[in-house]
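Proteins come first, then strands; the chains are lettered A, B, ... in the order of their sequence lines, and each starts at number 1.
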Amino acid sequence: MIRVNDSTFNERVLAWFDRHGRKDLPWQQDKSPYRVWISETMLQQTQVATVIPYFNAFVDRFPSVEALANASIDEVLRHWSGLGYYARARNLHKAALIIAGQGSFPDTLEELQQLPGIGLSTAGAIMSIAYGRSHPILDGNVRRVLARYRAVPGWPGEAKVNRRLWELSRALTPEQRAADYTQAIMDLGATVCTRSRPSCGACPVNADCLAFGTGRVNDFPAPKPAKALPVKQRTFLLLTDRHRQVFLEKRPPAGIWGGLWCLPEFENPDQALGWCLDRHIPVVGRYAMDRRRHTFSHFHLDFTPLVILTDGITGGVGETGSPIWHPLEAIARLGLPAPINLLLKQYQNHEDKHGKTD
DNA sequence: AAAGCGTGGAG
DNA sequence: TCTCCAAGCTT
C-alpha cells in the first residue's frame, strides 16, 4: 500500500476542477449509468472531439439499454462506423442484451467488469461518475499525471509499472466527491498535464510534483519502446456495374473491421481477378486506382484498389459473408471502414467528372 | 505477457 | 510524410 503524505492532493485537484474543469460535454448533462457507459466506451483510446458527434447520434438513436438491446448489430455498427475499434460496438450490443435480461443496470464494480468491453478503468469510471462511489480509474490522462507527480520510471505498458500506477491512483482517490474527482483528474491530464508542452505553471499540484520539481517533466511517462511496423500488401476489389452499384460483403465478426460491410479483400490483384473469373463475372473494363499506404496501430497497409466494371450480375457471388450490390450514392449510409469510404468517394468523384470508361 | 484492434490530432 | 499516441479491453 502506498502512503500518501500529501493529503491535500485531491482537494487541490478538486478546487482546480471547480474553476477550470469541463462541465458541459454532452455526456455530462444527464449522467445516467447508460449514458456514462456509452461515453466511457466511446472514449476508450479516442479523443473527446472525435467522440462528441458520435455520442449525440448514438444516444439519440439508442436512448436506453432496451433500445440498444432491441437494435440489430448492423445498425449499431453503422452508428459506430468511422469511430474505430469496432469490438467496442459489438461488446456494447452484447452487454445491452445481458443487462436487459437482468432487468436493471449493474451498480457494483464486479458486475460491471463482467460485462464485455468493460475493464477495471471503465468500471471505475461508471461507478464514480454515474453512482458517485469512490473508485480509482487509470486512463491515459491519469497515467500521465501520476507518472509525473511521483516520477514513476518505466513504460506504463509494463505490468510492474502499471501496477504501481494503479496503486497510486487508488491511494490518491478520495471518498468524497467521487464523480467530480474522476472528472477532475482526467481534465487535469487532458488540459494542463498534456503530453507535450504541459502548462505546469497552471497546475494545482506543481508544488510537490516530482517531475516538475526536478525539471524532468518530459521524462515521464517513459515512451513505449519503438518497433518497426510490418507492412501488409492488400488489394481491395471495387466491383461495379453500369447502374453504379458496388459489390460489398460483410466481413467476418472478429478481426479488423469485424462485422462491417466492405469491399472484397485479396492479397494481390491477380487473386482478385481470379476470384472474378472463377465466378464467371463478365469483365468489361478494369483499371487500378492510385495505390496508397494506410497506417494502423500495428502495421502499415499498402492498399491497392482494383476497379472492375461488369454488367448483368444480380447477386449471390460472394462467400466470405452475405454479399450485396449497393448503390454507390448510398454507400455512406451503410457504414463502411473509413479508408474504404474514402476510396469510394474518390471513385465516385472521378466517375462524376469523367463518366464511365466502358 | 504480448499482440490485436481504428481513426484522427498533433508535432 | 512519418511517428506517437489518445477517457483500454480482450485473448
Side-chain angles (χ1 to χ4, degrees), chain A residues 21-22 25-28 36-55 77 80-92 94-95 112-126 128-129 136-145 155-163 165-166 169 182-191 193-198 218 221-232 251-260 262 292-301 303 335-342:
Chain A
R22 294 174 294 185
L25 296 170
W27 44 89
Q28 294 177 319
V36 172
W37 171 45
I38 301 300
S39 67
E40 287 302 323
T41 302
M42 285 190 172
L43 287 160
Q44 288 168 5
Q45 305 289 149
T46 311
Q47 296 182 347
V48 168
T50 305
V51 165
I52 288 175
Y54 280 88
F55 176 82
L77 279 173
W80 206 270
S81 77
L83 199 53
Y85 284 145
Y86 298 95
R88 293 182 295 176
R90 302 193 296 269
N91 286 334
L92 276 184
K94 278 185 211 160
L112 285 168
Q113 230 188 313
Q114 286 184 10
L115 294 169
I118 300 185
L120 189 51
S121 189
T122 298
I126 296 173
S128 56
I129 295 172
I137 63 165
L138 192 63
D139 64 356
N141 290 312
V142 178
R143 206 170 356 252
R144 190 169 53 252
V145 170
W155 174 53
E158 285 176 54
K160 204 177 99 184
V161 180
N162 190 48
R163 275 198 300 275
L165 290 169
W166 265 110
S169 179
T182 293
Q183 292 288 351
I185 190 75
M186 287 194 290
D187 278 7
L188 187 64
T191 65
C193 195
T194 51
R195 178 162 66 95
S196 58
R197 297 164 50 85
N218 291 324
K224 171 181 163 159
K227 256 195 225 169
L229 296 183
V231 180
K232 268 195 202 176
R251 293 178 65 90
I256 194 165
W257 299 333
L260 269 67
C262 193
R292 71 239 12 226
R293 166 165 290 194
H294 197 82
T295 299
F296 292 85
S297 305
H298 289 81
F299 61 93
H300 297 291
L301 183 65
F303 190 94
L336 270 54
I340 303 292
N341 243 332
L342 184 61

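The 5' end of DNA chain B is approached more closely, in terms of each residue's nearest nucleotide, by A:R163 than by the other of A:R163 and A:R90. Along DNA chain C, the nucleotide nearest A:Q44 and the nucleotide nearest A:W155 are compared for position; the residue whose nucleotide lies closer to the 5' end is A:W155.
Residues A:M42 and A:Y54 approach most closely at CE-O, 3.6 Å, considering heavy atoms. The nearest pair of heavy atoms linking A:W155 to A:A222 is CD1-O, 3.4 Å. When all heavy atoms of A:C262 and A:I340 are compared, the pair lying nearest together is SG-CG1, 3.7 Å.
If you check C:dG8, B:dC5, C:dT10 against the side chain of A:S121, the one that comes closest is C:dG8. Closest approach to the A:Y86 side chain among B:dT7, B:dG11, C:dG8 is made by B:dT7 (side chain taken as heavy atoms from C-beta onward). The side chain of A:S297 lies closest to B:dG6 when the candidates are C:dA7, B:dC5, B:dG6. Out of B:dC5, B:dT7, C:dG8, the shortest distance to the side chain of A:D139 is found at C:dG8. Comparing B:dC5, B:dT7, B:dG9 against the side chain of A:R195 picks out B:dG9 as the nearest. Distance from the side chain of A:E40 is smallest for C:dA7 among the nucleotides C:dC4, C:dA7, B:dA1. Nearest to the side-chain atoms of A:W27 among the listed nucleotides B:dA3, C:dA7, B:dG9 stands C:dA7.
Atom CG in A:L83 sits roughly 17 Å away from atom P in C:dA6 (whole-Å rounding). For the pair A:I126 CD1 and C:dA7 P, the computed distance is 17 Å after rounding to whole Å. The distance from atom CH2 of A:W80 to atom P of B:dG6 is 11 Å, rounded to the nearest whole Å. Distance, A:I256 CD1 to C:dT10 P: 19 Å, rounded to whole Å. As rounded to whole Å, 10 Å separates atom P of B:dA1 from atom CG of A:N162.
Note on A:G255: only backbone sugar-phosphate atoms sit closer than 4.0 angstrom, heavy atoms only; bases stay farther off. Residue-level contact check: A:T41 touches neither bases nor backbone, having no heavy atom under 4.0 Å from any strand. The residue A:K227 sits close only to the backbone: its heavy atoms come under 4.0 Å of sugar-phosphate atoms, none of a base. At the heavy-atom level, A:L25 lies under 4.0 Å from base atoms of the strands shown. Residue contacts shown for A:V51 are absent, as no nucleic acid heavy atom lies under 4.0 Å away. A:A338 comes within 4.0 angstrom of sugar-phosphate atoms only, judged by non-hydrogen atoms across all strands, and of no base.
A:T46 contributes a side-chain N or O that forms a donor-acceptor pair with the base of B:dG6 under 3.5 Å. With hydrogens and angles ignored, no donor-acceptor pair under 3.5 angstrom links the side chain of A:R143 to the base of C:dA6.
Residues A:E40 and A:I118 fail the side-chain proximity criterion, which asks for heavy atoms closer than 4.5 Å.
Separation of the C1' atoms belonging to B:dA2 and C:dA7 is 23 Å when rounded to the nearest angstrom.
Using cut-offs of 30° and 60° on the angle between ring planes, the pair A:W27 and A:F55 is perpendicular.
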